[in-house]
Amino acid sequence: QVQLVESGGGLVQPGGSLRLSCAASGSIFSINAVGWYRQGPGQQRALVATISSGGGTNYADSVKGRFAISRDNAKNTVYLQMNSLKPEDTAVYYCNLKIRTHDRPYDWTYWGQGIQVTVSS
């Protein structure tokens, strides 16, 4: 009923920028809490950033001042702007959306399939 499409990953040099997108489609009533996670080589999946339905944001200490999470409610899309990228940012990035659909009176958690971000010279 709900599908997520992630885009924007790829290879970038240190100091460069990328913007990840996570677009939701389907029978969506509302998109509530949203998060971006990442899993680097040999690492566990970790929270990167969150944004609430009211627009409040939180970031992992490792990305504060460099990354920015945002959302476009009209497009049902969430973004992660990544600036001043470092090699240690290399990871698979996953979006996580809590979505209310028209056929359910409660939120359900949806995960993107993951997109690769590689920061290397």
Side-chain angles (χ1 to χ4, degrees):
Q1 192 64 34
V2 173
Q3 298 81 41
L4 302 182
V5 178
E6 298 184 46
S7 62
L11 175 66
V12 66
Q13 293 185 338
S17 299
L18 287 173
R19 188 177 74 159
L20 306 182
S21 298
C22 179
S25 62
S27 185
I28 297 171
F29 179 76
S30 63
I31 299 176
N32 299 308
V34 170
W36 284 94
Y37 294 73
R38 69 184 182 186
Q39 186 169 12
Q43 303 293 316
Q44 295 180 328
R45 188 175 299 187
L47 183 65
V48 175
T50 62
I51 185 168
S52 69
S53 59
T57 58
N58 286 286
Y59 299 92
D61 288 340
S62 59
V63 306
K64 285 182 178 178
R66 300 188 298 118
F67 290 12
I69 187 171
S70 61
R71 60 192 297 172
D72 186 332
N73 292 332
K75 296 182 178 180
N76 289 331
T77 301
V78 179
Y79 305 96
L80 184 67
Q81 179 67 46
M82 304 183 294
N83 300 321
S84 301
L85 283 162
K86 305 174 181 179
E88 49 263 44
D89 295 318
T90 295
V92 177
Y93 285 72
Y94 303 85
C95 59
N96 174 265
L97 280 64
K98 292 179 171 59
I99 298 175
R100 183 77 57 89
T101 62
H102 289 103
D103 59 335
R104 295 178 179 177
Y106 51 88
D107 292 347
W108 190 263
T109 298
Y110 298 86
W111 286 92
Q113 77 285 352
I115 46 177
Q116 179 69 49
V117 171
T118 302
V119 184
S120 176
S121 60

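Positions are given from 1, in the same order as the sequence printed here.
- Residue pairs meeting the salt bridge (charged side-chain N to carboxylate O under 4.0 Å, His left out) criterion with at least one member in residues 112-121: none, sequence neighbours excluded.
- Not counting sequence neighbours, the partners of Asp89 by the side chain to side chain donor-acceptor pair (under 3.5 Å) test are Arg38, Arg66.
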Which atom pairs, one a donor and one an acceptor, fall under 3.5 Å between side chains of residues 112-120 and the rest of the protein, sequence neighbours left out?
{"from": "Gln116", "atom 1": "NE2", "to": "Ala91", "atom 2": "O", "distance (Å)": "3.4"}
{"from": "Gln116", "atom 1": "NE2", "to": "Thr118", "atom 2": "OG1", "distance (Å)": "3.3"}

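- Among pairs with a residue in residues 56-88, none fulfils disulfide bond (SG atoms under 2.5 Å apart), at least two apart in sequence or across chains.
- Rounded to the nearest 0.5 angstrom, Ile28 CD1 and Ile99 CD1 are separated by 5.0 Å.
- With sequence neighbours excluded, the residues satisfying side chain to side chain contact (heavy atoms under 4.5 Å, CB included) with Ala60 are Ser62, Val63.
- A distance of 12.0 Å separates CZ in Arg71 from OG1 in Thr57, rounded to the nearest 0.5 Å.
- Considering only residues two or more places apart in sequence or on other chains, Asp107 meets the side chain to side chain donor-acceptor pair (under 3.5 Å) condition with Asn32, Arg100.
- Criterion: ILVMFWY side-chain heavy atoms under 4.5 Å apart, direct or through other members. Under it, Leu4 and Leu47 are not part of a common hydrophobic cluster.
- Under a hydrophobic clustering in which Ile, Leu, Val, Met, Phe, Trp and Tyr are joined whenever their side-chain heavy atoms come within less than 4.5 Å, directly or via other members, Leu97 and Val5 fall into different clusters.
- Partners of Trp111 according to the side chain to side chain contact (heavy atoms under 4.5 Å, CB included) rule, which considers only residues two or more places apart in sequence or in another chain, are Tyr37, Arg45, Tyr94, Asn96, Thr109.
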Please test Tyr59 against Ile69 for side chain to side chain contact (heavy atoms under 4.5 Å, CB included), starting from the C-alpha separation and ending with a verdict. CA-CA 9 Å; Tyr59 299 92; Ile69 187 171; 3.5 Å; yes
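- Rounding to the nearest 0.5 Å gives a distance of 7.5 Å between OH of Tyr110 and CD of Gln1.
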Validation: residues 7-16 side-chain donor-acceptor distances under 3.5 Å, sequence neighbours left out:
none

Please evaluate residues Tyr93 and Leu18 with respect to the criterion side chain to side chain contact (heavy atoms under 4.5 Å, CB included), reporting the C-alpha separation (whole Å), side-chain torsions for both, the decisive distance (0.1 Å), and the verdict. CA-CA 12 Å; Tyr93 285 72; Leu18 287 173; over 6 Å; no
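- Residue pairs meeting the disulfide bond (SG atoms under 2.5 Å apart) criterion with at least one partner in residues 18-121, sequence neighbours excluded, are Cys22-Cys95.
- Partners of Thr77 according to the side chain to side chain contact (heavy atoms under 4.5 Å, CB included) rule, which considers only residues two or more places apart in sequence or in another chain, are Ser21, Ala23, Lys75, Tyr79.
- Ser27 is linked by a side chain to side chain donor-acceptor pair (under 3.5 Å) to His102, counting only residues two or more places apart in sequence or in another chain.
- Linking Ile, Leu, Val, Met, Phe, Trp and Tyr residues whenever their side-chain heavy atoms come within less than 4.5 Å leaves Leu20 and Val92 in two separate clusters.
- Atom CD of Gln39 sits about 8.0 Å away from atom CD of Gln44, to the nearest 0.5 Å.
- Considering only residues two or more places apart in sequence or on other chains, Asn83 meets the side chain to side chain contact (heavy atoms under 4.5 Å, CB included) condition with Ser17, Gln81.
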